[in-house]
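Below is one structure; the comments refer to it alone.
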Amino acid sequence: MNRRTFLVGTSVGAALAQAQNAPAVPPRRVYSLNRNWLFQARLTPGADAPAFNDAGFQRVTLPHTNVELPWHSFDDKAYEFVSVYRRHFRAPASWSGKRVFVDFGGVMTAAKVSINGHAFEEYRGGYTNFSFELTPHLKTGADNVLAVVVDSTERPDIPPFGGSIDYLTFGGIYRDVELRVVPQTHLANVFAKPVRVMSNDRALVVRCYLEGPVSKPTTITAELHDGDRPGRSATATVNSEADHHDVIIENISDVALWDLQHPKLYQVTVRLDNGDTYTTRTGFREARFTEKGFYLNGQHVKLRGLNRHQTYPYTGGAMPARVQARDAFVLRKDLHCNIVRTSHYPQSPAFLDACDELGLLVLEEIPGWQHIGENSWQDLAVDNVGRMVRRDWNHPSIVLWGTRINESADNHPFYTRTNEVAHSLDDSRQTGGIRNRYDSELIEDVFTMNDFGFPLRPPNHPAYLNTEFNGHMFSTKRFDNVEHIAEHVTRHARVHDQLASDDRYAGGIAWCAFDYASHKYFGSGDRICYHGVSDIFRLPKPAAGFYKSQCEPEEEVVIEPGFYYAWGDKAGGNGPGVVPICSNCDHLKIYYAGKLLMEADPDRKTWPHLKYAPFTVSLTRLSFGNWGDLMIEGYINGKLVGSRTLSGSGTDDRLVVKPDDAELDGDGRDATRVVLAVTDSGGNLRPFASAAIQLSLTGPGEIVGENPFSLSGGAGAVWVKAKEAAGTIRLEARHQYLAKQTVEIQVRRVERELV
Ligand code: GAL
């Protein structure tokens, strides 16, 4: 979807006054169309007709899920139904002579859109954006009715369906909708492509896709700028309706490169001489997968990452930008990953924006899972490649396009087509296609392979990336016993150790970041795949500590026990056993019940290739007579840099209630996660705490989630969503035995929309 050029921030009255005083209406306006939708969960006949009486419909904001669900143990049939959304709006006189489009970010899974009774062809596909031109069907100054019939069933004619899939798709208009009002001839899309990034004559090829007649010479101006600072520009005059026109900003010497630590972004503004303006962002970086691994700006980077599903508890995919962006933050800043795979489909633009801003590399792929349908299904998949690339080509974080259906059989003609579409639209990025067959045909540039065995297979192609390991091979809950927990940590460490042993491995993206909801034929019997290093609430299990520990200590000193501290959870008792501690310190001192128990160095024997090898410590034969706290001190170059105390008391000490954000926008859709947890006195999660937390909320917000909420593995979360009002939200959380906690979230006033 087009990046916004105008934020809608004035009231209707102010806008009218502005229209009367200033005849110069901006050539392009983009209106957010996320509020004031009317929703009926089960479609009744005629409910999309303009005159239908929708007084009984529910008023909703987008992103919207067609049904709120528990976080686990529900049937996918609960959201597999056909619903209808209606949006009334007035088309002001200032739109006359303009063209008006409606842009949908994502509707799960098929959408029949109509405007004032005129129906467009059904759009099939829940993960890709689509637009319709409304212009000839609009009524100026009168009520217009946009209706969307949303089919959220698993339609075998639409990827990823037709076979079985290991995830849930949920339902509803779950991404943003915009109304775009533009001149007859306008910029439909812009690809700002940096070229020759590593040389002194680097340039930005600004590829402009015009829509509408070009009957006279038209000047296109492209400007590269850094925030408000005036930048460099170039112009081209065009007089043909070619597919696209390139405006090239040459000799760009004075830009900072986009890299993992300093993900510098620039703005690109493109103007037509009729005033139409399109803005986007770009970053200058060179990303290459080679026979010696992955190189970013000429520097070798071993890729270490996790797969991400876009789904959340309670609302499926329907979470606003702030929540989407938070996942990128968790991956980059908490777990210190350098790459994420958007398994198994294009994900929210807000998530990708955050990846750009945080320096998190991305492998993005088309929707699909093992199954390839017949010809028209394949045509949709080919079309999905084009939509993914055209939507996301300006994200410097994206370094690889995935052009295959995840883990599907080879299909030469089909994958020749998908690969060609990606290359023809974007010759600056390599392609991959995720397979689970080692002998699969390589059509793309990078052999991207799910290798769940250990030891891993050796790379069999010059550019080789492991795109999945672990996952279902060792499903793990935070409340599993200590042997299981420690083994989960070890399994992640050992794969990354092998990946680090050989430069031909570009690196690895483990299965997976977060636990996720799935079908009954997958998962642990409650329809959850506990494959994450973090749970479905994005809260870490000990294996997350391994990822976290691989950063430089300058970024964060990490001491993460790969076990739970208990005398008797391990078979036979006597303490946690021989267990890993993940840390980027070079030496540890461990104190047991106040006395120095041992000193330890990184276990380079077990993990010879990792820069920050976990420590293996033998916490056995701990006498229960002396049982007390365990204190771990971390040292670097002989200096104490951090410590961690694990309480031996066996008691739940504190209730923690922590919102991710202190402020929200009062737009009826903004939301933040509120973490609920019980910890020991040292702040460590109590993995077997399962108390019900009773929540009550006052102020302009609502709780999205279960209330009371029963902790799972000592923690969990609800989300708090702002209403369309300003004020202070107070959320009180009560635990039957621990001191209650109250948190406040301020809600800012947001001006109403114009339409
Ligand atoms: C893979 C698949 C993933 C997930 C994973 C579980 O085969 O690509 O989507 O199902 O297994 O480990």
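Order of listing sets the numbers, starting from 1, for every ligand and every atom in it.
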Quick check, are the ring centers of Phe161 and Trp369 under 6.0 angstrom apart?
no

In ligand 1, which numbered atoms sit nearer than 4.0 Å to a non-hydrogen atom of Asn406?
2 (C), 8 (O)

A cation-pi test, strictly: NZ or CZ of Arg304 under 6.0 Å from the centre of the six-membered ring of Tyr547 and no more than 45 degrees from its axis. Yes or no?
no

Does only the side chain of Tyr167 get under 4.0 Å from ligand 1, or the backbone, or both, or neither? Count heavy atoms.
neither

Distance under 6.0 Å and angle within 45° of the ring axis: does Arg387 meet both against Phe130?
no

Counting only heavy atoms, which portion of Trp369 has something under 4.0 Å from ligand 1: side chain, backbone, both, or neither?
side chain

Should Glu468 be counted as touching ligand 1, given the test is an N or O pair under 3.5 Å?
yes

Tell me if a side-chain donor or acceptor on Thr342 pairs with a main-chain N or O of Val340 at a distance below 3.5 Å.
no

Which residue and non-hydrogen atom of the protein lie closest to atom 12 (O) of ligand 1, and at what distance in Å?
His472 ND1, 2.5 Å

Nearest neighbour of atom 9 (O) of ligand 1 from the list His309, His344, His531, on a heavy-atom basis
His344

If you count the atoms of ligand 1 from 1 in the order shown, which ones are under 4.0 Å from a heavy atom of Gly471?
12 (O)

May I ask you to list the atoms of ligand 1 that are less than 4.0 angstrom from any heavy atom of Asn450?
8 (O)

Establish, yes or no, whether the cationic atom of Arg494 lies under 6.0 Å from the six-membered ring centre of Phe454 and within 45° of the ring axis.
yes

Note the single closest protein heavy atom to atom 10 (O) of ligand 1, along with its residue, its atom name and the distance in Å.
Asp166 OD2, 2.4 Å

Would you mind listing which atoms of ligand 1 come within a distance below 4.0 Å of any non-hydrogen atom of Glu407?
1 (C), 2 (C), 7 (O), 8 (O)

Between His496 and Phe469, does the ring centre distance come in under 6.0 Å?
yes

Would you say the ring centers of Tyr167 and His344 fall short of 6.0 Å from each other?
yes

